[in-house]
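Structure, as structure tokens:
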2 protein chains.
Amino acid sequence: MRNNTIGSLIWLRLMRFTNQSNQMSNEFLKRFDLTTAQFDVLIQVRTYQPLTQMELAEKVTVTQGGISRMLARLEKEGYIVRKQDWKTKTISLTDKAEAIMEQVLPEQLAFQSSFFDDVLSEEEQKTLYALMSRVHKHSEKKEIPPA
Amino acid sequence: MRNNTIGSLIWLRLMRFTNQSNQMSNEFLKRFDLTTAQFDVLIQVRTYQPLTQMELAEKVTVTQGGISRMLARLEKEGYIVRKQDWKTKTISLTDKAEAIMEQVLPEQLAFQSSFFDDVLSEEEQKTLYALMSRVHKHSEKKEIPPA
DNA sequence: TATTTTAACTTGACTAGTCAAGTGATGGTG
DNA sequence: CACCATCACTTGACTAGTCAAGTTAAAATA
């Protein structure tokens with residue numbers, strides 16, 4: 001009667017799981033004085049620096065406004081610097097953030113992995129990754145059906 | 001060098017996908033003047049009404065404070081009513097919400113399903129659901145490793 | 001019965017994000 | 001060369017959520 005399609009069941013699971021694991025990740029990262037969202041942004045900056053806000057927004061799938069606010073917070077905390085450069089702002093990590101990331105990154109990767117390593121075999125993880133990749137890629141091309 | 005474990009790759013995919021599909025769902029539900037979060041709450045209330053805020057918070061994995069604010073918004077919009085009953089508040093849908101849900105539910109289920117129906121076979125969807133169920137259930141029992 | 005405890009809910013101060021309107025410097029065109 | 005458009009970014013008003021401290025009414029206890 002309710003939630004009856006297999007797709008909607010998957011959807012629910014995905015939502016609940018990501019919600020749950022996000023909260024746990026936040027708790028985990030508290031020891032480094034970071035949130036999951038901040039970590040996500042810092043990783044992208046570290047990987048692609050120097051880059052503009054537009055580019056960064058795209059990478060973390062957040063709007064221009066969202067990235068502007070997030071960077072304001074990160075700048076206040078001394079994790080990143082924005083340099084007005086031409087008509088764009090170029091973002092890069094501070095030494096402080098660089099040092100923290102060096103320390104956090106392996107731990108966070110291990111933490112993320114443990115959600116899957118503990119219950120799925122290598123083979124199953126590959127299957128899950130392949131399925132989710134297809135679903136994700138498709139969703140990026142998807143259009144909202146008209147009203 | 002970065003993001004190298006299979007687990008962390010899955011994690012990223014899940015996060016990006018749920019983020020993406022959530023935004024699309026919000027866009028889709030705009031025609032009914034609802035957000036995804038509101039729809040999620042209304043579905044739970046509809047299924048289990050009458051229920052307390054504690055129970056509801058548990059079902060949608062949100063804190064007490066979060067559900068309190070959400071219900072305040074939904075009440076303001078005339079979707080639900082809270083009755084002080086004993087020392088708890090009992091939540092139920094208004095006729096207005098009941099009518100809307102009747103209309104939205106099948107459409108939203110179809111919308112959610114389309115993320116998977118379009119790219120995965122029935123068999124693959126079952127596999128994905130089974131894998132995610134295991135991962136999700138495990139995460140609920142999981143403990144944050146000590147610092 | 002008066003007093004404390006407790007359980008359910010609310011609220012203030014945040015993070016994180018959205019959308020849409022507002023800035024401000026760059027660069028093209030009359 | 002002055003004006004206007006455009007592009008990158010910011011900001012005001014929201015939704016949605018967190019945590020921790022604050023209510024408040026019922027229950028338990030002295």
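The analysis underlying the following values was restricted to heavy atoms, covering all of them including side chains, and did not include hydrogens, waters or symmetry mates. So that the names make sense, note that chain A is the first sequence line, chain B the second, and so on, each numbered from 1.
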**Prompt:** Rounded to whole angstroms, how far apart are CD on A:Gln64 and C1' on C:dC19?
**Reply:** 13 Å
**Request:** With sequence neighbours left out, write down each residue that passes side chain to side chain contact (heavy atoms under 4.5 Å, CB included) with A:Thr18, or none if nothing qualifies.
**Result:** B:Leu14, B:Met15, B:Thr18
**Donor-acceptor pair between B:Arg82 and B:Gln53 side chains, under 3.5 angstrom** = yes
**Request:** Provide, to the nearest angstrom, the distance between the CG atom belonging to A:Asp33 and the P atom belonging to D:dC19.
**Result:** 15 Å
**Asked** What integer distance in Å separates A:Leu71:CG from D:dT11:C1'?
**Response** 15 Å
**Item:** B:Glu58 CD to C:dA8 C1', straight-line distance once rounded to whole Å
**Value:** 15 Å
**Prompt:** What is the nucleic acid contact for B:Gln53, judged by heavy atoms within less than 4.0 Å: base, sugar-phosphate only, or nothing?
**Reply:** sugar-phosphate
Please tabulate, one pair per line, each protein N/O and nucleotide N/O from nucleotides 14-17 of chain D that are separated by under 3.5 Å, including the distance.
from, atom 1, to, atom 2, distance (Å)
D:dA16, OP1, B:Thr35, OG1, 2.2
D:dA16, OP2, B:Gln38, NE2, 3.1
D:dA16, OP2, B:Arg73, NE, 3.0

Distance-only donor-acceptor pairs under 3.5 Å for side chains of residues 100-108 of chain B, two or more places apart:
from, atom 1, to, atom 2, distance (Å)
B:Gln108, NE2, B:Ser25, OG, 3.2

**Item:** salt bridge (Lys or Arg N to Asp or Glu O under 4.0 Å) partners of residues 19-43 of chain B, not counting sequence neighbours, each pair once
**Value:** A:Arg16-B:Asp40
**Asked** How would you list all residue pairs meeting salt bridge (Lys or Arg N to Asp or Glu O under 4.0 Å) that involve residues 119-129 of chain A, not counting sequence neighbours?
**Response** A:Glu124-B:Arg134
**Asked** Which residue pairs pass the salt bridge (Lys or Arg N to Asp or Glu O under 4.0 Å) test when at least one of the two sits in residues 138-147 of chain B, sequence neighbours left out?
**Response** A:Asp118-B:Lys142
